Amino acid sequence: NRNDKQYVGFATLPNQVHRKSVKKGFDFTLMVAGESGLGKSTLVNSLFLTDLYKDRKLLNAEERINQTVEITKHTVDIEEKGVKLKLTIVDTPGFGDAVNNNECWKPITDYIDQQFEQYFRDESGLNRKNILDNRVHCCLYFIPPFGHGLRPVDVEFMKALHEKVNIVPLISKADCLTPNEVKKLKDRVRDEIEHFGIKVYQFPECDSDEEEEFKQMDKELKECTPFAVIGSNTVVEARGQRVRGRLYPWGIVEVENQSHCDFVKLRNMLIRSHMHDLKDVTCDVHYENYRAHCIQEMTSKLAQDNRTDSPLPILPLPTPDVETERLIKMKDEEVQNNHH
Amino acid sequence: MQTIEHPLPCLSESDTQGIIKGRDLFGYVGIEAVLDQMRRKTMKAGFEFNIMVVGQSGLGKSTLVNTLFKSKVSRKSCTPNYEEKISKTVHLQSVSHIIEEKGVKMKLTVIDTPGFGDQINNENCWEPIVKYVNEQYEKYLKEELNVNRKRRIPDTRVHCCVYFLPATGHWLRPIDVEFMRRLGKIVSIVPVIAKADTLTLEERLEFKQRIRQDLQANGIRVYPQKEYDEDAEDRILNDKIRENIPFAVVGTDKEHQVNGNKVLGRKTKWGIIEVENVAHCEFALLRDLLIRSHLQDLKDVTHNIHYETYRVKRLNESNANGLALSPLTLENGTLEKSDAESHL
């Protein structure tokens, strides 16, 4: 049979990869940023159907006056149908809350850079078996629904981060907007993003051989950004079903009702269709930018010091790994000896 | 004119205060008519009311003011080709309208504060506002001290400052504390939770509680201030208001059909938020407070308390520095001083 003869069998590769991935599991680091009170924690809980913040204490006004911007991490292992996801949520309490918010994004850009640096060191090290990838794969930025578009702090934040991380801007607490207001705000935000040259995360183009239905869905997704979201930690009864929602005297907002908000679109995009692409763009674009920039700086520094290129990258390490340091020193001496 | 020839009634023994009650009179004197005369005179003269709105861009200040007075009185509605842009500095703009209802004329001035709290660095963004409030007191004071002063001094003093808090559901933010602490000393502040249709009733109650705690912890006094309650009746009425502030409001100028009636509301996919329905939001309570019950009181507190405090301070300053505030001060220097002392 001719078909059997010509069949090599590597068509099973996707299945093999799939099986290995299931065994290995995935990891994903998601950052949430925005002022206090925009529903970030509630949305994260809604997205991943957990309660990551149950022990949280809200600061009162007096405590807030002395608050600085912090970076906090929550890690949780989620398993669904045998697939494991190690999810890390990076939170940014204090961002944008002070009277003077000059450069309030600096702790955040520093954090992202530190993760890149850590990965760079690990990648260049000698033992690369168990590299921990703490790089931030996606940053959900919460825009308040109260304004008329982007505020100065929104623009400055996104400009400081758009070349370091995938930014997905969201319109938060969208249940205080009528459908018309949502549309106006989205149009306005999209225009301003373009006007200020902010590079937010772009959904990849559909393959030309995809089904029409998929292409249509993809188009709708793109036209819907920025997503207007609502989150909820409580289950209410609506239309005879128990759903995640918010109960008001004038009606019930259902988080997963697509005519109420874009929560489902966000969840699908973030988890079900684009999680992998977000990781890829982080590795292939943002991290590579960082790495190239780093190496350039180092080589120009080395040239200044009048030394030949070292085979290993030498970094100004804040907390150097003893083993790596020793090896670098060894290699350095080798080079110097060869030079003489 | 008829002359009344009955002897004047003598004071009954049980009446130690010397007040002659109407029922004891043998005829109708017509004292009540004085009230009517006063009413007619003030109606002819009209009222002035100056309301300031403070808060970040987009919290619904203009919409709320329009909804309160059921007319397009905000800066937005009055500027042709108005564009929503965040201004780079805080500046104050005031717009005046004369509105009339049932023969009563009111000159309403809405003072807007664009740029407040909108920048990245909002340090001292309250200073232009403090300056404005004090400038109005100064203007009034100068008029009052004039030798030839107008019969009715034009009143541009801020009678009420509505401060808009975003509905975060958490606590007061540092900028809220800084603003209210400073302005609470010189003007009557009425804080409101803006765009409150994003809070469930439970969240609203918790938020209000936390805000009241924060206000107390920071020594901020908002209107109606406890120490200015004139009598027990006032206190009971005002206690009820104090238990409820800040009011959670929603504003709109659009009408929708609900159960066959036209109501002011916001239409969403999950229901219509009726602005004037107290089960939905507290707009009606705010309106009643500001307009229907306490409008005159707001003016009185401004005039009798905030303005007097300013006046005393200024006169003490000018006396201490030996500066002449006006010819009147120099002449009656001692009189003014003892007046000031008796006030303290």
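If you're wondering where the values come from, they're calculated on a predicted model, not measured in any experiment. By convention in this document, chain letters (A, B, ...) are assigned in the order of the sequence lines, proteins followed by strands, and residues within each chain are numbered from 1.
Comparing I211(B), L172(B), N277(B) by how many heavy-atom pairs each has under 4.5 Å with chain A, the most go to L172(B). With chain A as partner, the option from R210(B), Q119(B), R266(B), E178(B) having the largest number of non-hydrogen pairs under 4.5 angstrom is R266(B). Ranked by heavy-atom pairs under 4.5 Å with chain A, the first of G271(B), G60(B), G265(B), P174(B) is P174(B). For the options T268(B), L199(B), D118(B), heavy-atom pairs under 4.5 Å to chain A are most numerous at L199(B).
For the pair A279(B) and P249(A), the tightest heavy-atom approach, listed with the atom from each and the gap, is O-CG, 3.3 Å. For S57(B) against H148(A), the heavy-atom pair with the smallest separation is OG-CD2, 3.4 Å. When all heavy atoms of W250(A) and I272(B) are compared, the pair lying nearest together is CB-O, 3.4 Å. The shortest heavy-atom contact between H170(B) and S36(A) is ND1-CB, 4.0 Å.
By the 6.0 Å contact criterion, NZ on K222(A) is enclosed, its count of non-hydrogen atoms from other residues, nucleotides or ligands being greater than 12. Crowding of K267(B) atom NZ: a count of heavy atoms from other residues, nucleotides or ligands under 6.0 Å not exceeding 12. For CZ of R221(B), the number of neighbouring non-hydrogen atoms (other residues, nucleotides, ligands) closer than 6.0 Å is 12 at most. Residue E202(B) places its CD atom among 12 or fewer non-hydrogen atoms of other residues, nucleotides or ligands, all under 6.0 Å distant.
Considering I252(A), N257(A), D175(A) as possible partners of W270(B), the one that fulfils the side-chain contact (heavy atoms from CB on, under 4.5 Å) test is D175(A).
Interatomic distance, N121(B) CG to N100(A) CG, rounded to the nearest 0.5 Å: 3.0 Å. Here N180(A) contributes atom CG and K254(B) contributes atom NZ; the two are 7.5 Å apart, rounded to the nearest 0.5 Å. In this structure, K173(A) NZ and D197(B) CG are separated by 11.0 Å, a value rounded to the nearest 0.5 Å. The NZ atom of K269(B) lies 12.0 Å from the CD atom of Q258(A); values are rounded to the nearest 0.5 Å. Note that CZ of F146(A) and OG1 of T198(B) are 6.0 Å apart. Values are rounded to the nearest 0.5 Å.
The contact between E203(B) and chain A is made entirely by side chain atoms (from C-beta outward), counting heavy-atom distances below 4.5 Å. Residue contact with chain A, scored on non-hydrogen atoms closer than 4.5 Å, involves the side chain of D214(B) exclusively. Only the backbone of L247(A) comes within contact range of chain B, with at least one heavy atom under 4.5 Å from a heavy atom of that chain. Heavy atoms closer than 4.5 Å to chain B are found nowhere in E254(A), neither backbone nor side chain. With a threshold of 4.5 angstrom between heavy atoms, E123(B) approaches chain A through its backbone and through its side chain. For a residue to count as touching a neighbouring chain, one of its non-hydrogen atoms must lie under 4.5 Å from one of that chain's; by this rule L150(A) touches chain B with the backbone only.
By the 4.0 Å N-to-carboxylate-O rule, R173(B) lies too far from E35(A) to be salt-bridged with it.
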